[in-house]
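Below is one structure, written out as structure tokens, with a few remarks after it.
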Amino acid sequence: MAVENSTWRNNVWLVWFYIVFPITVLIDLQEVIYPSSFLVPADAPLHFAYKAKQDYIAKFNDPIVQWSPETASGHDSWMGLLMHLEFFFLLPVMIYAMYKMGIKQKGTSGPDELLFFVYALYNAFTTVICIYDSFYWDKTIWADESQLWTLRSAYYAPFVFVPLLGAFDMGSRILSRFKAADAAAEAKKIE
């Protein structure tokens with residue numbers, strides 16, 4: 001199968017993965033990956049990550065980031081599903097992509113492009129769900145509407161728009177493959 005070696009586009013993807021990977025493993029999935037002894041005590045090896053998450057929560061009071069199975073009261077039960085999908089789908093895709101495009105410096109094959117296309121659409125869609133949910137948060141907690149706007153635009157929106165650009169990139173690569181296959185099939189018919 002042909003490999004797409006669009007180096008600059010692959011490098012853009014790599015930058016995305018190198019930014020998102022530490023956020024995923026150190027912030028988003030803290031409760032899923034690490035025991036509290038790695039996070040909470042001040043001398044714990046990952047206390048800096050725990051502190052960063054607590055500072056974010058103190059600043060924005062983001063109920064999505066505060067979610068845990070213990071705090072789920074039915075309303076946010078979907079968050080558990082998203083966290084498991086982040087652990088079992090998004091995280092392995094990021095690791096694979098960083099290995100393939102970063103370490104091995106290989107281009108993308110058709111199956112890779114489909115995988116990254118699904119990854120990008122999933123990433124954008126789940127973030128849209130979070131933004132939509134933010135319009136229904138308790139208004140007494142969010143007296144300062146500008147802080148909520150900052151949360152949506154600065155913290156959530158990039159996780160919609162950058163993956164959508166990535167989906168467009170991978171979609172265009174897949175479409176190029178279809179066009180090339182159609183042209184080859186048409187040329188074979190003429191022979």
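In this chain, residues are counted from 1 in sequence order. These values consider heavy atoms only, across backbone and side chains, with no hydrogens, waters or symmetry-generated copies.
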Kindly indicate, with the supporting measurements, whether the criterion side chain to side chain contact (heavy atoms under 4.5 Å, CB included) is fulfilled by Ile131 and Val160.
-> CA-CA 10 Å; Ile131 293 171; Val160 174; 3.9 Å; yes
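- The side-chain tip of Arg152 points at the ring of Phe135 from less than 6.0 angstrom away and within 45° of straight on.
- Separation of atoms CG (Leu151) and NZ (Lys59) is listed at 10.0 Å; rounding is to 0.5 Å.
- To the nearest 0.5 angstrom, Lys100 atom NZ is 9.5 Å from Asn10 atom CG.
- Taking the side chain as every heavy atom from C-beta outward, Tyr119 and Met94 approach each other to under 4.5 Å.
- The aromatic rings of Phe60 and Tyr56 sit tilted, their planes meeting at an angle between 30° and 60°.
- Closest non-hydrogen pair, Ala52 versus Ile27, comes out as CB-CD1, 4.0 Å.
- Between Tyr136 and Tyr132, the ring-plane angle classifies as tilted under the 30° and 60° cut-offs.
- Between Met101 and Phe116 the shortest side-chain heavy-atom distance falls below 4.5 Å.
- Atom CG of Leu14 sits about 8.0 Å away from atom CZ of Phe17, to the nearest 0.5 Å.
- Residues Tyr96 and Asp112 share a closest heavy-atom pair of OH-OD1, 2.5 Å.
- Partners of Pro163 according to the side chain to side chain contact (heavy atoms under 4.5 Å, CB included) rule, which considers only residues two or more places apart in sequence or in another chain, are Trp16, Ala120, Asn123, Ala124.
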Applying side chain to side chain contact (heavy atoms under 4.5 Å, CB included), run through Asp62 and Tyr155 and close with a yes or a no.
-> CA-CA 11 Å; Asp62 183 343; Tyr155 288 88; over 6 Å; no
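- For the pair Met83 and Asp28, the minimum side-chain heavy-atom distance is 4.5 Å or more.
- Closest non-hydrogen pair, Gly102 versus Tyr18, comes out as CA-OH, 3.8 Å.
- Atom CD of Glu145 sits about 10.5 Å away from atom OG1 of Thr150, to the nearest 0.5 Å.
- Enclosure of atom CZ in Phe48 by more than 12 non-hydrogen atoms of other residues, nucleotides or ligands within 6.0 angstrom is indicated.
- Taking 4.5 Å as the limit, some side-chain heavy atom of Asp133 sits within range of a side-chain heavy atom of Trp78.
- Atom CD of Glu113 sits about 8.5 Å away from atom OG of Ser176, to the nearest 0.5 Å.
- Within the 6.0 Å centre-distance limit, the rings of His47 and Tyr50 are counted as a close aromatic pair.
- Looking at Phe88 and Val32, their side chains never come closer than 4.5 Å, going by heavy atoms from C-beta outward.
- Under the 4.5 Å side-chain contact rule for hydrophobic residues, Val93 and Val15 share a cluster.
- You'll find the side chain of Trp13 reaches within 4.5 Å of the side chain of Asp169, heavy atoms only.
- Met170 and Leu175 are not part of a single hydrophobic cluster, where members link through side-chain heavy atoms under 4.5 Å apart.
- Following chains of ILVMFWY side-chain contacts shorter than 4.5 Å, one cannot reach Leu165 starting from Val118, and the two form parts of different hydrophobic clusters.
- Remark: the backbone N or O of Leu26 is paired with a side-chain donor or acceptor of Gln30 at under 3.5 angstrom.
- Linking ILVMFWY residues whenever their side-chain heavy atoms come closer than 4.5 Å, directly or via other members, leaves Phe168 and Phe117 in distinct clusters.
- Across all non-hydrogen atoms, the minimal contact from Pro45 to Ser37 is CD-O, 4.5 Å.
- The two residues Ala44 and Phe38 come nearest to each other via the heavy atoms CB-O, 3.3 Å.
- Counting only distance, with no hydrogens or angles, the side chain of Asn11 and the backbone of Trp8 share no donor-acceptor pair below 3.5 Å.
- Between Tyr122 and Phe89, the two ring planes are perpendicular [angle over 60°; tilted spans 30° to 60°].
- Note that CG of Leu39 and NZ of Lys53 are 8.5 Å apart. Values are rounded to the nearest 0.5 Å.
- Here the side chains of Phe21 and Leu91 are in contact, with some heavy-atom distance below 4.5 Å.
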Criterion side chain to side chain donor-acceptor pair (under 3.5 Å) on Gln66 and Asn61, from CA distance to verdict = CA-CA 8 Å; Gln66 296 177 63; Asn61 197 23; 2.9 Å; yes
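- Salt-bridge check for Asp55 with Lys51: passed, with a basic side-chain N closer than 4.0 Å to an acidic carboxylate O.
- Ile103 and Val25 are members of different hydrophobic clusters when ILVMFWY side chains are connected at heavy-atom separations under 4.5 Å.
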